[in-house]
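Computed over heavy atoms, backbone and side chain alike; hydrogens, waters and symmetry mates excluded. Counting starts at 1 for both ligands and their atoms, following the listed order.
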Amino acid sequence: MCGIIGKIGKVNCMKDVLEGLKKLEYRGYDSAGVAVFTDEGVKRVRAVGNISALEEKLAGTNLDGRLAVGHSRWATNGNVTEKNAHPHRAGRFTVVHNGIIENAAALKTAYFENDAFESDTDTEVAAKLLDKFYDGDAGRAIRQAQRLMTGSWALGILCDDCPGTLFAAANGSPLLIVKTESGNYIASDAGAAPDPIEVTKVENCEYAAVTADGYTVYNENGDALQKAPLAVAAGALSLDKGGYDHYMMSEIMQQPEAVRRTLEALPDSDFIGDAKEIRLIACGSAYHAGLVGARLFEAVRRIPARAEIASEFRYADPIIGRETLCIFISQSGETADTLAALRLAKEKGAPTLSIVNVPGSAIATESDRVILTQAGREIAVATTKAYSAQLAVFYALALGRSEALSRLPEAIYTAIAENDGKCRRLAERIAGCRNIFFIGRQLDNAVSQEGSLKMKEISYLNSQAYAAGELKHGTISLVEPGSPVIATVTDPAILSKTMSNLHEVKARGAFTIVITTRALAPGLEADVTLTVPDVGPMLAPSVAVIPMQLMSYYTAKALGCEIDKPRNLAKSVTVE
Ligand code: G6P
């Protein structure tokens, strides 16, 4: 949450910083701001809202320079107001920050009791600390401030006395130095800088001094470090909207390729070993992928497995140990609760495996073993291709490679092509409803959880997913005449059971939609039937999720919602 960027080049760089900020907007979009070194010193401009609001404010100012920082905010401390927007300034320091300084209130009382503060943020406390400890040596001030702060931060720092240096410091929040032809960047995500030549991570308690020609990273004692750059991803999947109106649609379309690449890159290695039990721990859609994984491990490998929400797991004093394989699933690799759960599992001596989309991220680095999904950079807040890539990993782990699995990308492609138009038309109808229900059993229930989340997060309609047999124990009271109930039935063994539940809601006036396979479709009674290719019940979640994603996308579009950046959400949740 929150994106930070900074650039120092040989020519003016405001344009590049704004371009980079747009690529980081997925990390938060409550407000945005920039600060730039000009001939008259450091100037900053901030605006509530997204980057376009900032651009409007900047238009006509001619504000530019060779050294600039930028920030897009997901509010944690302090309301969404301009005074709380970054960059924050104190004395000779200007700061952009991602993370939470947990002891900010205590530091404020200890050091600045009588000082006036411009904002309600923890970031301003960091800026004040830097200014307090500054004696002409910015590095020393950074070291002293880092020693006092607790919590997480990635900081981009300008010092009024250093027009040729961009400073950066990190602890627990991602921060990369990216070398490019046109100058050097610091950024929360390497994708914010075009054509990286070299990417280096600033690790916990380290800080860096970046100039137009190079950079030096220091440890907490001020010793210069020899850091090995990270591998720069080659041939990544497209970062633009590919001609679509939204990143989300472009990413839906990239799913066959994301799955194909993930399966290709997956090493043929035994990741499960002699585990007696498996826990799959994650948040959001990654947790939903874990629900599918758990079902598969139990059904096929007969290993007791359960998916757990990371924020619950970490406080549950879980009963785990050497024989419990803990699998952590995360697109970003930096979700705070998932990371904390990983650390807890390690403390308890459990073997850990992570399934992560961002190489070099904290979860990827800290787990015993890692499988990298190859979905490429995902920008839309509502995940699609990363979820699909995670499912592909579970198929390979639980079922092993097969002819059917190698044909999955093609089946996903067909599911998209055959449902796009139908889902667009259906969305017009769904958009007018108050409550939407997704039902299914077993794997169909697991994938329905994801479909329902997609619907509510981008359309803001109330959507719930229920185990089909459980609906009648309460939630059915919410079904009104015309309420859409979307039943997924891909497993012939339990088809008739779920269909009975669908008939129960039909009898109460529901508008019934069934997602099923071509083979099972004939004879199923529903107002609308959406068919997906026959890939077998185990792989079915990957094709069944497609019409769910498309319905959600087109419903949100019909309602005029901000699809790529839904309100109140952020893609990367680095707070508890
Ligand atoms: C946020 C995103 C979700 C994502 C979840 C977990 O809530 O909006 O799309 O599933 O975080 O993120 P992770 O990066 O750990 O997969």
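Between M551 and L530, some side-chain heavy-atom pair lies under the 4.5 Å cut-off.
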Step-by-step salt bridge (charged side-chain N to carboxylate O under 4.0 Å, His left out) determination, E206 to K227: CA-CA 11 Å; E206 293 178 353; K227 303 260 307 177; 2.7 Å; yes

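Contact shell of ligand 1 (protein heavy atoms, cutoff 4.0 Å): C283, G284, S285, A286, S330, Q331, S332, T335, V381, T383, A570, K571, V573.
For the pair R279 and F313, the cation-pi criterion (under 6.0 Å, within 45° of the ring axis) is not fulfilled.
For the pair K23 and E19, the salt-bridge criterion is not met [side-chain N within less than 4.0 Å of a carboxylate O]. A salt bridge links E366 with R343: the closest approach of a Lys/Arg side-chain nitrogen to an acidic carboxylate oxygen falls below 4.0 angstrom. Residues D189 and K571 are not paired through a salt bridge, judged by the lack of any N-O separation under 4.0 Å between the basic side chain and the carboxylate.
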